[in-house]
Structure formats: structure tokens, C-alpha cells
Amino acid sequence: INRMSDELVWIKTIAKIRSRDEAGKPLIIAGINQDITESKLREIKNLKREKKIRDSESRLKNAMRMGRMSPWEYEYERGVIISDREISVVWGFPEYYDRGEPVKPEVAARRLHPEDRSLCLEKFRLSAENNENFELSFRIIVNGVVKFIHFASEVIFDDNGKPLKLVGIAQDITQMK
């Protein structure tokens, strides 16, 4: 249907047969037509937007996987580290992720290489106290194997300027060393 132009129009029709002849063929059909073009165009636009988001998420996920990077968060109020499964495996904590249990900083600190532990803990402490972003490369030891990790982080604040969490990216750079 068009509105006196080449424009496509979407119509919703609801109809009912009111009368039939002796052979059962419809004689009278009553109903209404409703122009649903605007809602249909919004639906199509939303579907296209959702596809773009899915495609973007897929590209990001692939880039993160290829770069051996994982997102992480430290929630100030609860005092826990939340990460994805990939970085949990790198740190030797897949069981925490599988149980849906966040890792406590003191548990993660046990994995820090003894020579890097003080610096790492100091960076986290200063970040929390001074609400400062930080970037740091350090070593961890998992099952006797030394791994090299790079962290980059940023403090996220609530509307009143109170720090909510430290969010960041962790990258396993062991293969680069």
C-alpha cells in the first residue's frame, strides 16, 4: 500500500466474516486497517541497532581474546575483585569464577611474585586512598609457573564523587617476555 507515493506503508488488518452465502463463501467482511508504519520502522531500526551492538561486542570479545586481555573490577564497598573466566584461569582461580564467587584481594595477593608484592599492594592502596588511576606490570606465580601481567585501571565515581569501583583491563603478557 502506498500513501499516494512510492513510500512503503505497513498495515495491520483485523477482520471478521459477518455473513456467508449458502456455499459458505464470505459475503460480508467487516474490519479495520491500522497504519503501523511508524512502529514497524522503529522495530526495524531497533533490530539494526541490536545487530550493530552484537557485531561490536563480537569484535571486542575477539580482540580481547587475541590480546589475552580480560576486564576486571575491584568494588570498594564489598572489597572484592570481579573478573571474567579467562583472567581467573590465568591467575589460577577458575573455581572461584565457576562458583560465581568474587576473589578477595588478600587471596589474589598470595599469587603475587614476592619481589613485586609490595609495589602492587601499594599501587592498589594508593589508588583506593587517592582515587587515582594506575597502570602496572608485575609477576604472579601460579602452580610454580611465573606469569607476567599488565594492569591498567580507572576509578569510577558515583554522582556525588564517591569512588565506587576500580575498573580495568588485565593482560597476560607472559608470551611477550
(message) Going by salt bridge (Lys or Arg N to Asp or Glu O under 4.0 Å), name the residues that satisfy it together with E115, two or more places apart in sequence or in a different chain.
(response) R139
(message) Tell me which pairs pass side-chain hydrogen bond (donor to acceptor under 3.5 Å, both in side chains) where either residue lies in residues 12-21, with sequence neighbours left out.
(response) T13-N33
(request) Treat each ILVMFWY residue as a node, draw an edge where side-chain heavy atoms are under 4.5 Å apart, and state whether L126 and L119 are in one component. (result) no
(request) State, yes or no, whether a side-chain contact exists between V107 and F93 at a heavy-atom distance under 4.5 Å. (result) yes
(message) Do the side chains of K51 and D55 get close enough for a salt bridge, i.e. N-O under 4.0 angstrom?
(response) yes
(message) With a 4.5 Å cut-off on side-chain heavy-atom distances among I, L, V, M, F, W and Y, is there a chain of contacts connecting I173 to I141?
(response) yes
(message) Given I149, which partner from the list L112, L136, I140 fulfils the side-chain contact (heavy atoms from CB on, under 4.5 Å) test?
(response) I140
(request) Could you grab the distance from atom CZ of R42 to atom CD of E38, nearest 0.5 Å is fine? (result) 6.0 Å
(request) Look at the side chain of R85 and the backbone N and O of D98, then say whether any donor-acceptor pair between them is shorter than 3.5 Å. (result) no
Would you tabulate the side-chain donor-acceptor contacts of residues 162-172 under 3.5 Å, counting partners in other chains and residues two or more places apart, or write 'none'?
from, atom 1, to, atom 2, distance (Å)
Q171, NE2, G67, O, 3.0
D172, OD1, T174, N, 3.0
D172, OD1, T174, OG1, 2.6
D172, OD2, R68, NH2, 2.5

(message) Between Y96 and S88, is there a side-chain heavy-atom distance shorter than 4.5 Å?
(response) no
(request) Would you kindly confirm whether I87 and M69 end up in one hydrophobic cluster when ILVMFWY residues are joined by side chain heavy atoms under 4.5 Å apart? (result) no
(message) Return the CG to CZ distance between L121 and F138, rounded to the nearest 0.5 Å.
(response) 10.0 Å
(message) Just verifying a value: how many Å separate Y97 OH and I82 CD1, rounded to the nearest 0.5 Å?
(response) 11.0 Å
(request) Give a yes or no on whether the backbone of W10 and the side-chain of T37 come within a donor-acceptor separation of less than 3.5 Å. (result) yes
(request) Measure from the side-chain N and O atoms of K123 to the backbone N and O of F134, and report whether any donor-acceptor pair falls under 3.5 Å. (result) no
(message) Tell me the closest heavy-atom pair linking G92 and V142, and the distance in Å.
(response) CA-CG1, 3.7 Å
(request) Please check if atom CD in E77 has more than 12 non-hydrogen atoms from other residues, nucleotides or ligands closer than 6.0 Å. (result) no
(request) Please tell me if the side chains of E73 and P102 come closer than 4.5 Å, counting only heavy atoms from C-beta onward. (result) no
(request) For F151 and F124, run side chain to side chain contact (heavy atoms under 4.5 Å, CB included): C-alpha distance rounded to whole Å, both residues' side-chain angles, the deciding distance at 0.1 Å, then the answer. (result) CA-CA 11 Å; F151 267 14; F124 269 95; 3.6 Å; yes
(message) Which residues pass the ring-ring contact (aromatic ring centres under 6.0 Å, His included) test with F157, not counting sequence neighbours?
(response) none
(request) Measure the OG-CD distance between S153 and E132 for me, rounded to the nearest 0.5 Å. (result) 10.0 Å
(message) Rounded to the nearest 0.5 Å, what separates atom CE in M64 from atom CZ in R59?
(response) 15.0 Å
(request) Verify the cluster assignment for F148 and M176: are they in a single hydrophobic cluster under the rule of side-chain heavy atoms below 4.5 Å apart? (result) yes
(message) Applying salt bridge (Lys or Arg N to Asp or Glu O under 4.0 Å) as the test, list every pair that has at least one member in residues 101-113; sequence neighbours left out.
(response) R99-E101
(request) With sequence neighbours left out, write down each residue that passes salt bridge (Lys or Arg N to Asp or Glu O under 4.0 Å) with E135, or none if nothing qualifies. (result) none
(request) Go through the steps to decide whether R49 and N46 satisfy the test side-chain hydrogen bond (donor to acceptor under 3.5 Å, both in side chains), and finish with yes or no. (result) CA-CA 5 Å; R49 185 179 306 124; N46 287 340; 2.7 Å; yes
(request) For residues H150 and S137, report the shortest heavy-atom separation together with the two atoms involved. (result) ND1-OG, 2.6 Å
(request) Using the rule that two of Ile, Leu, Val, Met, Phe, Trp, Tyr join whenever any of their side-chain heavy atoms come within less than 4.5 Å, decide whether V89 and V146 are in one cluster. (result) no
(request) For the pair K40 and E43, find out whether any cationic side-chain nitrogen is under 4.0 Å from an anionic carboxylate oxygen. (result) yes
(message) Could you measure the distance from the OH atom of Y76 to the CG atom of N131? Nearest 0.5 Å is fine.
(response) 6.0 Å
(request) Kindly give the heavy-atom pair with the smallest separation between P105 and I81, and that separation in Å. (result) CA-CD1, 4.0 Å
